[in-house]
Every structure is written in C-alpha cells, then in structure tokens.
Amino acid sequence: MRTQVAIIGSGPAGLLLGQLLHKAGIDAVIVEQRSKDYVLARIRAGIIEQICVDLLDEAGVGERLHRQGLVHHGIELSFKGARHRIDLSGLTGGKSVTVYGQTEITHDLMDARAAAGLPTVYEASNVSVHDFDGMRPRVRYEKDGQSHEIECDFIAGCDGYHGVCRASVPADALKTYERVYPFGWLGVLSDTPPVSDELIYNNHERGFALCSMRSHTRSRYYVQCSLDDKAEAWSDDAFWDELRRRLDPVAAERLVTGPSIEKSIAPLRSFVAEPMRFGRLFLAGDAAHIVPPTGAKGLNLAAADVRYLSRALVEFYLDKSEAGIDHYSEKALRRIWKAERFSWAMTSLLHRFPENGEFGRKIQEAELDYLVHSVAASTSLAENYVGLPFEG
Ligand code: RFL
Ligand code: PHB
C-alpha cells in the first residue's frame, strides 16, 4: 500500500490530523493497534478550549459538539470550606471552554472518516516504523496473521505515551524531561446530575477532588488517591463518602450519588520529548508530551500540535515549501512548555503533598487566597485555562 501520510494511532490526534489532511486533499492511512470499540470506551478528557472547537469545525465535525456541548464561562476553586468563582469570560474578554467528552469527539471523527470512506486499519499488531531518516519511510504491521507494509512520504506518530514511534527514535536524538507525581486520580462516571453548573476544583487536607461533568445528567468526579490504590477496591459508597468529605458544605449537601458506570485510576505525570521531528517522522499529542490532568490541557495540546502539523504538511504539498515542517517542533514546543508549566502549577496548588509538610500547606492556602482576590492572578489563571492564543 502507498499513501502520502501514514498516521499511527486513532486517538483524537491521529483522527483529527486525518480529517484535516483529507479536507486539504492529502491522502492518509491510520494504523491503530486496538479495536474501534476499545478506543471509544476510554473515558478521558472533558474540557476543550475554543481553539480545539475551531479546529473540529474546520475538520467538519463540529455539528454535534455545538448542539450538545456545554459552554462554561467560569470555574470554581474551593479551599478552607468555601468556594470562589473564577470568571473565565469576564477576565479574558469573553472567552469560554466547552464541556464535551473526548469519547464524543473520537466518535464524531470516526464517523466522518467512515462517511468519507477513508482507510483505517484497526487491530493492527506489531506495528513498526522504518526508514524515516530517508525519503521513503515505511510502516509495517500484522493483521489477521498477514504482514503488511505501507510506503509513505511522512509518518505521523500519534500513538500516545506508550506508542512505538517515540520508542523508535534513536535514544541519542531525543531529550526527555519528566516529573512523576506521588499520587493518582481515581475517577468515577455516573448518570447523576452534576453537583454544580460549573466545575469545582477542591483543595482539601484529605486531598484534591474535582467535580466535572459530561452533560446535565452525567457527572464525572475525581479524588486524589494513592498510587497503591486499586480502582476495584473502591466501592461506590467509599468513593462518594470520600468525595463528599472533600467538598464545601453546600456542595456536600447537594451531591447526588448513584451507581458508577466507569471507575479507573490514572497516574499523574509531566513529560516532554524534544524534538518532535526526526527526518520524516513527526510526533504529536501524548506521543510527545504528557501533562497532569489538573489543567485540562492534554487533549487541547494534542489538537494544537495537529493544527501546526496539518498546516505544515499542507504547506509542503500545496505550496512546495518545507518551512512549516522545519519549524513544526519548535513552534509546537513553545506552546507545550507553557501548558506544562500551567498544568504543573495547578497540580502543585491543588493537591496534597505530604512531603511538603505544614509549611507547604500554608503556602498553598496563601497562593489560593491571593489567586481569588487578585485580578492579576485570576486573569493569569483564566487566560491559561481557556487556552493561550496561537503564536504564528
Ligand atoms: P491517545 O488518546 O492516547 O491515542 C493514541 C492512540 O494510539 C494507539 N496506539 C497505537 N497504535 C498503533 N500502534 C501502536 N504501537 C500504538 N500504540 C498506541 C492507542 O491505542 C491510541 O488509540 O493520544 P492522543 O491522540 O495524543 O490524545 C491525547 C489525549 O487522549 C490526552 O491528552 C487527554 O485524554 C488528556 N486528558 C485531558 N485532556 C484535556 O485536554 N482536557 C481534559 O479535561 C483531560 N482530562 C485527560 C483527562 C486524561 C486522563 N487520563 C486517563 C490520562 C482526564 C484523565 C483522567
Ligand atoms: C474531566 O471532565 O474529565 C476533566 C475536567 C477537567 C480537568 C480534568 C478532567 O482538569
């Protein structure tokens, strides 16, 4: 098989890239190791920035998002038993974020891909990437016991943190930066009305808790947990009790509980691999970087990478210019490091770090107090949360 761009991974990064390239008349094949249903069953991001909404519109998949997505103009920070609202729109000249699940975005992109008859290989095993330091890269995989090879001009590594693309780059060509946090998030999805109209980020001495949602009837909650915890060992009742303890009294009173429909633990990590281009292989999304979810930036960063990469490839094929692909890594990394900083800062501000002791706790409280009472500090949080403007 031959194509222009071989995309590895059918998460949001790979699917969105495929759609944007298709709109520009560029051929791409997506190779995914999992089944379509497995990819759709992963419950992940819930908050998307306007730049991500704009990109989904550009890709022609924004219709359901505009119908069903919930536009949020603020978030709440809760500490010492009281809630404080950050007026995202008021502080950013009218900007907002949209609540629309990653699962739904993936669904919309898969449907558009199928409707356009574009090729995706699901359940591909032993996927490997070759010759990307030359002009004719290749992707090999096995499917139903048969070996296959795709010849292409470029490979887009959109295969997430555990993918094969970053792992195939010679170690001395890559520099990685990492911070692993000493806790995880236990998440629960339930068909219960959200406790509040807006998200609540709770700093509590028992640990962080987040009240989020997917719709007016579906809630998503998280509590900071130990890395030794097992999701199966947490009964629904134990989860609701722990969550309630970490909320302010009004929210605790209003919390509606019910059976969980998904329960899982995610470890928290900050990670960046530089650069994001090696010859004719590009990394995009979680394949190149991870942020702890506290800033709600992972999916948005993946979309930002895809924006830069799709424009660079369009420039290559349509304008015969290599300037875009030459600057891809540098441009993407400028934005990535700002999101890394913000996600690290939000994580540091809101979680319980026992090793930082009582001094650390007092500093957190002072910073939260400053944040909610200073227009300058609230504005900084708001402009990062809704997404920084694109540079170039
Ligand atoms: P994905 O979604 O991991 O997709 C990668 C795809 O590649 C496939 N793959 C391979 N395919 C072929 N060959 C191989 N060798 C392969 N290895 C892997 C995988 O099966 C998969 O289908 O990466 P992508 O596309 O870069 O997307 C990134 C986002 O998924 C991620 O950043 C977000 O989910 C992060 N995130 C959030 N981001 C936000 O912007 N807002 C949020 O509110 C938000 N909340 C979250 C989150 C992530 C979470 N977890 C579970 C880590 C909340 C949580 C709890
Ligand atoms: C979610 O709804 O899953 C969610 C929302 C905000 C975050 C992280 C996750 O910061």
Side-chain angles (χ1 to χ4, degrees), residues 6-18 30-36 38-49 51-52 70 72 75 97-103 105-106 109-110 120-129 139-143 155-168 184-189 194 198-201 208 210-215 218-222 262 264-269 271 283-306 339 342-343 346-347 350 385 387:
I7 300 174
I8 315 299
S10 76
L15 287 165
L16 183 56
L17 179 63
I30 298 185
V31 180
E32 162 66 49
Q33 68 176 3
R34 304 286 191 174
S35 70
K36 198 171 181 172
Y38 181 97
V39 173
L40 282 171
R42 290 190 297 227
I43 309 293
R44 290 187 170 175
I47 294 287
I48 55 177
E49 297 172 2
I51 60 129
C52 186
L70 307 176
H72 279 202
I75 55 170
V97 291
T98 301
V99 171
Y100 192 66
Q102 179 166 333
T103 320
I105 293 178
T106 308
L109 284 162
M110 281 178 173
T120 312
V121 182
Y122 288 103
E123 297 178 80
S125 55
N126 293 324
V127 177
S128 58
V129 293
V139 173
R140 296 201 185 107
Y141 63 92
E142 285 160 29
K143 165 108 183 153
I155 299 173
C158 301
D159 50 349
Y161 181 67
H162 300 286
V164 66
C165 291
R166 192 182 71 250
S168 303
W185 278 19
L186 169 65
V188 157
L189 191 67
E198 293 181 340
L199 270 63
I200 313 175
Y201 289 80
F208 170 72
L210 171 61
C211 307
S212 181
M213 66 192 75
R214 291 292 176 272
S215 68
R218 180 168 284 189
S219 301
R220 179 68 165 160
Y221 295 108
Y222 299 94
E262 195 264 357
S264 54
I265 292 183
L268 267 67
R269 179 192 303 276
F271 173 87
L283 300 178
D286 280 14
H289 43 77
I290 296 289
V291 285
T294 330
K297 288 281 166 267
L299 169 61
N300 292 301
L301 269 189
D305 291 354
V306 165
F342 177 66
S343 306
M346 287 285 278
T347 304
L350 292 165
Y385 194 87

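This structure is a prediction, so every number in the text was calculated from the model and none was measured. Both counts, for ligands and for their atoms, begin at 1 and track the order of listing. Residues take their numbers from the sequence shown, with the count starting at 1.
Contacts with ligand 2 closer than 4.0 Å are made by backbone heavy atoms (N, CA, C, O) of T294 only, the side chain lying farther away. Only the side chain of R214 comes within contact range of ligand 2, with a heavy atom under 4.0 Å; no backbone atom does. In C158, the part holding a heavy atom less than 4.0 Å from any atom of ligand 1 is the backbone.
Given atom 18 (C) of ligand 1, the protein heavy atom at minimum distance is D159 O, 3.1 Å. Of the protein's non-hydrogen atoms, Y201 OH, 3.3 Å is the one closest to atom 6 (C) of ligand 2. Looking at atom 9 (C) of ligand 2, its nearest protein heavy atom turns out to be Y222 CE1, 3.7 Å. Here the protein heavy atom with the shortest distance to atom 30 (O) of ligand 1 is Q102 NE2, 2.7 Å. For atom 39 (C) of ligand 1, the nearest protein heavy atom (residue, atom name, distance) is L299 N, 3.2 Å. Among protein heavy atoms, the minimum distance from atom 52 (C) of ligand 1 is reached at A266 CB, 4.3 Å. If you check which protein heavy atom lies closest to atom 14 (C) of ligand 1, you get Q33 OE1, 3.6 Å. In terms of protein heavy atoms, atom 8 (C) of ligand 2 is closest to P293 O, 3.3 Å. Atom 36 (N) of ligand 1 has its closest protein heavy atom at A45 CB, 3.8 Å. Nearest protein heavy-atom contact of atom 20 (O) of ligand 1 is E32 OE2, 2.6 Å. When hydrogens are left out, the protein atom nearest atom 4 (O) of ligand 1 is G11 CA, 3.4 Å; that is the closest non-hydrogen contact.
The shortest N or O to N or O distance between W185 and ligand 2 is not under 3.5 Å. Of the N or O atoms in G160, none lie within a sub-3.5 Å distance of an N or O in ligand 1. Here's the thing with R220: none of its N/O atoms is less than 3.5 angstrom from an N/O atom of ligand 2. By the 3.5 Å distance cut-off applied to N or O atoms, R220 is not counted among the residues near ligand 1. Considering both main-chain and side-chain atoms, A287 never comes within under 3.5 Å of ligand 1 through any nitrogen or oxygen pair. Ligand 1 has a nitrogen or oxygen under 3.5 angstrom from a nitrogen or oxygen of A296. Residue H162 has no nitrogen or oxygen atom sitting less than 3.5 Å from a nitrogen or oxygen atom of ligand 1, judged on distance alone.
One option in G101, G46, A45, S212 has a heavy atom closer to atom 2 (O) of ligand 2 than any other, and that option is S212. Nearest-residue assignment for atom 1 (P) of ligand 1 (options R34, K36, E123, R44; heavy-atom criterion): R44.
The shortest heavy-atom distance from R42 to ligand 1 is under 4.0 Å. Using a 4.0 Å heavy-atom cutoff, G46 is listed among the residues neighbouring ligand 1. At a 4.0 Å cut-off, at least one heavy atom of Y222 sits close enough to ligand 1 to count as contact.
Of all the atoms in ligand 1, the ones that sit under 4.0 Å from a non-hydrogen atom of V31 are 11 (N), 12 (C). Applying the 4.0 Å criterion to heavy atoms of L199 picks out, from ligand 2, the atoms 5 (C), 6 (C). Close contacts of ligand 1 with V164, meaning ligand atoms under 4.0 Å from a residue heavy atom, involve 15 (N). For ligand 1, the atoms lying closer than 4.0 Å to a non-hydrogen atom of G285 are 26 (O). Listed by number with element, the atoms of ligand 1 under 4.0 Å from a non-hydrogen atom of G298 are 32 (O), 35 (C), 38 (N), 39 (C), 40 (O). Which parts of ligand 1 touch G163 is read off a 4.0 Å heavy-atom cut-off, strictly below it: atoms 17 (N).
Side-chain contact, H162 with D286: no donor N or O sits under 3.5 Å from an acceptor N or O. Side-chain contact annotation: Y385 with Y201, donor-acceptor N/O pair under 3.5 Å present. Y161 and R166 are not linked by any side-chain donor-acceptor pair at a separation below 3.5 angstrom, with hydrogens and angles left out of the test.
Put simply, NE2 on H289 and CG on D305 are 3.5 Å apart, with the number rounded to the nearest 0.5 Å.
Here the closest heavy-atom approach between residue I47 and residue A296 is recorded as CB-CB, 3.8 Å. The minimum heavy-atom distance between P194 and S215, with the atom names listed, is CG-O, 3.3 Å.
The main-chain N or O of E142 is found under 3.5 Å from a side-chain atom of S125 such that the two form a donor-acceptor pair.
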Inset, instruction - Give the intermediate values and the outcome of salt bridge (Lys or Arg N to Asp or Glu O under 4.0 Å) for residues K36 and E123. - result: CA-CA 8 Å; K36 198 171 181 172; E123 297 178 80; over 6 Å; no
